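Below, chains carry the letters A, B, ... as their sequence lines are ordered, and counting in each starts from 1. Predicted model only: the values in this text are computed from it and were never measured.
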Amino acid sequence: MKKNQIIDILKSGQVGAEITVKGWVRTRRGSKNVSFIALNDGSTINNLQVVADAENFAEEILKHINTGAAIAATGKLVESAGSGQSVELQAEKIEIIGKADPDKYPIQPKRHTLEFLRDVAHLRPRTATYSAIFRIRHKLIFAIHNFFNERGFYNIHTPIVTSSDAEGAGEMFRVTTLPMNDLPKTEDGEIDYSEDFFGKSTNLTVSGQLEGELFAMAMSRIYTFGPTFRAENSNTSRHLAEFWMIEPEVAFFDLNDNMDLAEEFLQYLIRYALDNCIDDLQFLSKRLQEEEKNKPADQRSMELIEKLKFVADNEFVRLTYTEAIDILKNSKQNKKGKFQYPIEGFGTDLQSEHERYLVEKKFQKPVILTDYPKEIKAFYMRMNDDNQTVAAMDVLFPQIGEIIGGSQREERLEVLESRMAEMNIPADEMQWYLDTRRFGGCQHAGFGLGFERLVQFVTGMGNIRDVIPFPRTPKNCEF
RNA sequence: UCCCUAGUAGCUCAGUUGGUUAGAGCGGCGGACUGUUAAUCCGUAGGUCGUAGGUUCAAGUCCUACCUGGGGAGCCA
């Protein structure tokens, strides 16, 4: 394949070479005699400067070289006479491939708000910020598969349409081909799902974990990486109705192994981004710093790249829920009544203000909280010997909050069955799951990483809707 | 879903205790300029003030409802 993308041209720097470049015009500036075209093809954050001497080009060509237009420029790569770039293309021929009416094209050569660009999400990848984000997103996807592949994990595609609705991970989207205006009913007036496509009630998956466990109990180390759907009416900067989740599941792992894996994984991914996306990260960092200029000094956050290095290089804090409650209870914040939800003692769920205190104030680094009270966690988490807590773990990041949630799983059949009974999980529909405990059951553990939350952290973006190409949120499903 | 907040030109915003013809910057367009880097300078067009009601002699401004965005909370990844 020809290496004629701008990233290759800028890298090779072959001054004197005759080349043709295709891309989209970011801006055009200049005088009567010469036009400077900033050309970008999305392969890199950097533009190629195309120089067009007016005498060589018809007015009819030049006037269509507006922001957003697709063009092909042919000419010689020369050392730049200007100071912003080392090389530039001295154009001999320019072809207008696709015009962009400057009166109607919504993206202008000026700073736009992220909110406005969200309204034109189909065109926002044409901007420097979004193309940087999506290049980083790609690199992280690649790094995830790399990480697991290097460590003997197998990628398993767990189902997207599922008949299991007992996972308890949130409201589900129904999947059906039944006519909405004329639903078939059973004799007692219920909807008759036997007439539905699958002959039963089906939904979009809220987690691949339970199915993932089946494969971990056969192939030892597996991970899933797929779309996940939650029909929660969540309106926050860190929730989506459709998002991507990575869920490793490992046989013969306990909670400590699980924490080690989570920490190594996150640090690997952040390091990978630093090593492979530095141009884009520098651009995003600069952007963030300009945005923060308006904030008072004490509210500014750590510079992006510095922050990423810090997290990649420093051990996470590990703390039990009980220890965390103790710290919070004795904190000045709590004693002065500064928490909106004061800490009473064991058993209360931690609010995000408490998590933020631990991560952003007390330790100023990622924190892994473990061994939560059984009442506030899922049925499949392994009961600890104290009979009060379960072997759960949440990895908390600054700004993002919970980036990973996981646990050692309950492998003891009787204990699991009694937990399911306590929490009203219908065991008869879950016999396939219980079979892994019945036959060759063993210790195992795993976790779920919210991919977009990771991308948020790495790019420094405040709103999760800006790190997924087509965000799906309550009342919003464009395209 | 709850609390707070906003919606005025293509974009970002200003618009005083309700008062006559609704403003600016950027962007667009036209022109000037011997190489620009968010180019610069001169000129110009562009508005159902989110929607629907209401109060008033008079509403961009006040009230009510709804819609949409943003911030926070809950649910969670």
Side-chain angles (χ1 to χ4, degrees), chain A residues 26-38 46-47 49-55 63 66-68 78-85 88 90 100-120 128 167-171 206-209 224-247 262 287 290 340-341 349-356 376-378 394-397 400-406 447-457 462-468 473-476:
Chain A
R26 282 278 162 80
T27 62
R28 194 187 107 205
R29 307 176 281 276
S31 65
K32 187 166 63 179
N33 303 319
V34 61
S35 280
F36 300 95
I37 303 155
N46 300 304
N47 299 326
Q49 175 155 286
V50 176
V51 184
D53 290 323
E55 54 183 7
K63 83 172 190 203
N66 332 97
T67 301
V78 298
E79 279 183 39
S80 178
S83 57
Q85 55 284 314
E88 65 192 18
Q90 186 66 48
D101 184 344
D103 241 12
K104 292 180 184 144
Y105 186 62
I107 295 176
Q108 303 163 355
K110 57 167 278 186
R111 189 173 299 279
H112 285 295
T113 60
L114 300 172
E115 290 81 16
F116 169 71
L117 289 166
R118 238 171 262 152
D119 284 341
V120 288
E167 288 158 3
E171 288 297 308
V206 292
S207 161
Q209 182 201 318
T224 72
F225 187 175
T228 309
F229 306 88
R230 306 249 169 114
E232 299 290 343
N233 192 6
S234 295
N235 293 288
T236 80
S237 55
R238 53 188 188 285
H239 287 88
L240 291 163
E242 176 184 286
F243 64 101
W244 290 70
M245 188 156 64
I246 299 108
E247 295 179 285
R287 198 189 152 274
E290 269 165 39
Q340 201 186 336
Y341 299 87
D349 207 350
L350 298 181
Q351 307 289 322
S352 44
E353 59 173 342
H354 305 133
E355 295 179 352
R356 274 211 310 275
I376 57 177
K377 286 292 178 184
D394 283 1
V395 181
L396 309 177
F397 262 37
I400 313 283
E402 189 180 342
I403 196 166
I404 278 179
F447 60 80
L449 167 70
F451 181 57
E452 282 76 18
R453 289 189 183 172
L454 173 76
V455 182
Q456 259 191 289
F457 182 74
N463 194 312
I464 202 165
R465 294 158 208 217
D466 294 326
V467 300
I468 189 166
T473 53
K475 303 275 185 293
N476 178 6

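Summarising the local packing, CD of A/Glu79 is surrounded by 12 or fewer heavy atoms from other residues, nucleotides or ligands at distances under 6.0 Å.
The same atom, C1', is picked in B/rC13 and in B/rG19; the two are 24 Å apart, to the nearest Å. Comparing B/rA39 with B/rU34, their C1' atoms sit 14 Å apart, to the nearest whole Å. Across B/rU64 and B/rU56, the matching C1' atoms stand 16 Å from one another, rounded to whole Å. If you take atom C1' in B/rU40 and the same atom in B/rG25, they sit 16 Å apart, rounded to whole Å. Taking atom P on both B/rG30 and B/rU36, the two are 23 Å apart, rounded to the nearest angstrom. Taking the P atoms as reference points, B/rA59 lies 12 Å from B/rU55, given to the whole Å. Rounded to a whole angstrom, the distance from the C1' atom of B/rC63 to that of B/rG18 is 13 Å. If you take atom P in B/rG60 and the same atom in B/rC3, they sit 29 Å apart, rounded to whole Å.
Look at OH on A/Tyr341: it is 15 Å from P on B/rG72, rounded to the nearest Å. Between the CD atom of A/Glu171 and the P atom of B/rU1 there is a distance of 13 Å, given to the nearest Å. In this structure, the CG atom of A/Asp349 is 14 Å from the P atom of B/rA73, given to the nearest Å. Distance, A/Trp244 CH2 to B/rC76 P: 24 Å, rounded to whole Å. Atom-to-atom, CD of A/Glu115 to P of B/rU68 comes out at 17 Å; the value is rounded to the nearest Å. A straight line from CZ of A/Arg28 to P of B/rA39 spans 12 Å, rounded to a whole angstrom. We find that CG of A/Asn235 is positioned 12 Å from P of B/rC67, with the value rounded to whole Å. Atom C1' of nucleotide B/rU12 and atom CG of A/Asp119 are separated by 14 Å, given to the nearest angstrom.
Counting any heavy atom pair closer than 4.0 Å across all strands shown, A/Arg26 reaches no nucleic acid atom. No engagement by A/Phe229 is indicated, since no non-hydrogen atom pair under 4.0 Å with the nucleic acid exists. When heavy atoms are screened at a 4.0 angstrom cut-off, A/Lys475 is found touching the sugar-phosphate backbone but no base atom. When heavy atoms are screened at a 4.0 angstrom cut-off, A/Glu452 is found touching no nucleic acid atom at all. Here A/Ile246 lies out of heavy-atom contact (under 4.0 Å) with every strand. Across all strands shown, A/Gln90 has heavy atoms under 4.0 Å from base atoms, whether or not it also approaches the sugar-phosphate.
OP1 or OP2 of B/rA38 has not a single side-chain nitrogen or oxygen of A/Thr27 nearer than 4.0 Å. In this structure, A/Ser237 reaches the B/rG72 phosphate: one of its side-chain N or O atoms is under 4.0 Å from OP1 or OP2. Between B/rA73 and A/Ser352, a contact under 4.0 Å exists linking OP1 or OP2 to a side-chain N or O. In terms of phosphate contacts, A/Arg356 brings a side-chain nitrogen or oxygen within less than 4.0 Å of OP1 or OP2 of B/rA73. Close to B/rA39, at under 4.0 Å from its OP1 or OP2, lies a side-chain N or O of A/Arg29. Between A/Arg118 and the phosphate of B/rG70, there is a side-chain N or O to OP1/OP2 separation shorter than 4.0 Å.
Across B/rA73, B/rU36, B/rG70, the shortest atom-to-atom separation from the side chain of A/Asn463 is found for B/rG70. Checked against B/rU36, B/rC11, B/rA77, the side chain of A/Phe116 finds its nearest nucleotide in B/rC11. Between B/rU34, B/rC75, B/rG35, one nucleotide has an atom nearer to the side chain of A/Asn33 than all others, and that is B/rU34. Looking at the side chain of A/Gln351, the nearest of the listed nucleotides B/rC11, B/rU36, B/rG74 is B/rG74.
Between the side chain of A/Glu402 and the backbone N or O of A/Val395 there is no donor-acceptor pair closer than 3.5 Å. Judged purely by atom type and a 3.5 angstrom limit, A/Gln209 has no side-chain atom pairing as donor or acceptor with the backbone of A/Gly448. No side-chain donor-acceptor contact under 3.5 Å links A/Glu452 to the backbone of A/Phe243. Distance alone, capped at 3.5 Å, is enough to place a donor-acceptor pair between the A/Glu232 side chain and the A/Glu171 backbone.
Residue whose closest nucleotide on RNA chain B sits further toward the 5' end, between A/Arg465 and A/Gln340: A/Arg465. In terms of position along RNA chain B, the nucleotide closest to A/Gln85 lies nearer the 5' end than the nucleotide closest to the other residue of the pair A/Gly448 and A/Gln85.
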Determine, stepwise, if the pair A/Gln456 / A/Arg238 fulfils side chain to side chain contact (heavy atoms under 4.5 Å, CB included).
-> CA-CA 9 Å; A/Gln456 259 191 289; A/Arg238 53 188 188 285; 4.1 Å; yes

Please test A/Ile464 against A/Arg453 for side chain to side chain contact (heavy atoms under 4.5 Å, CB included), starting from the C-alpha separation and ending with a verdict.
-> CA-CA 7 Å; A/Ile464 202 165; A/Arg453 289 189 183 172; 4.1 Å; yes

Dump the intermediate steps for side chain to side chain contact (heavy atoms under 4.5 Å, CB included) on A/Lys377 and A/Asp394, then the final yes or no.
-> CA-CA 11 Å; A/Lys377 286 292 178 184; A/Asp394 283 1; 3.1 Å; yes

Report the C-alpha distance between A/Thr224 and A/Met245 in whole Å, list the side-chain angles of each, state the deciding distance to 0.1 Å, and finish with yes or no for side chain to side chain contact (heavy atoms under 4.5 Å, CB included).
-> CA-CA 8 Å; A/Thr224 72; A/Met245 188 156 64; over 6 Å; no

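No N or O donor and acceptor, one from the side chain of A/Ser234 and one from the base of B/rC76, sit under 3.5 Å apart. One can find a donor-acceptor pair under 3.5 Å joining the base of B/rC76 and the side-chain atoms of A/His239. For A/Glu88 against B/rG35, a side-chain-to-base donor-acceptor contact under 3.5 Å is present.
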Intra- and interstrand pairs of RNA chain B - dot-bracket, Watson-Crick/G-U under 3.5 Å, | marks other strand = (((((((..((((.....[...)))).(((((.......))))).....(((((..]....))))))))))))....

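By the 5.5 Å and 30° criteria, A/Phe451 is not stacked with the base of B/rA77.
With contacts defined as side-chain heavy-atom distances shorter than 4.5 Å, the pair A/Trp244/A/Thr228 does not qualify. Two residues are said to be in side-chain contact when any heavy atoms from C-beta on lie closer than 4.5 Å; A/Arg118 and A/Asp466 meet this criterion. Side-chain contact between A/Asn463 and A/Leu114 is absent, with no heavy-atom pair separated by less than 4.5 Å.
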Can you give one letter per nucleotide of nucleotides 24-32 of chain B, going 5' to 3': B for a protein heavy atom under 4.0 Å from the base, S for sugar-phosphate only, - for none?
-> -BBSSS---

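With sequence neighbours excluded, the residues that form a side chain to side chain donor-acceptor pair (under 3.5 Å) with A/Glu88 are A/Gln49, A/Ser80.
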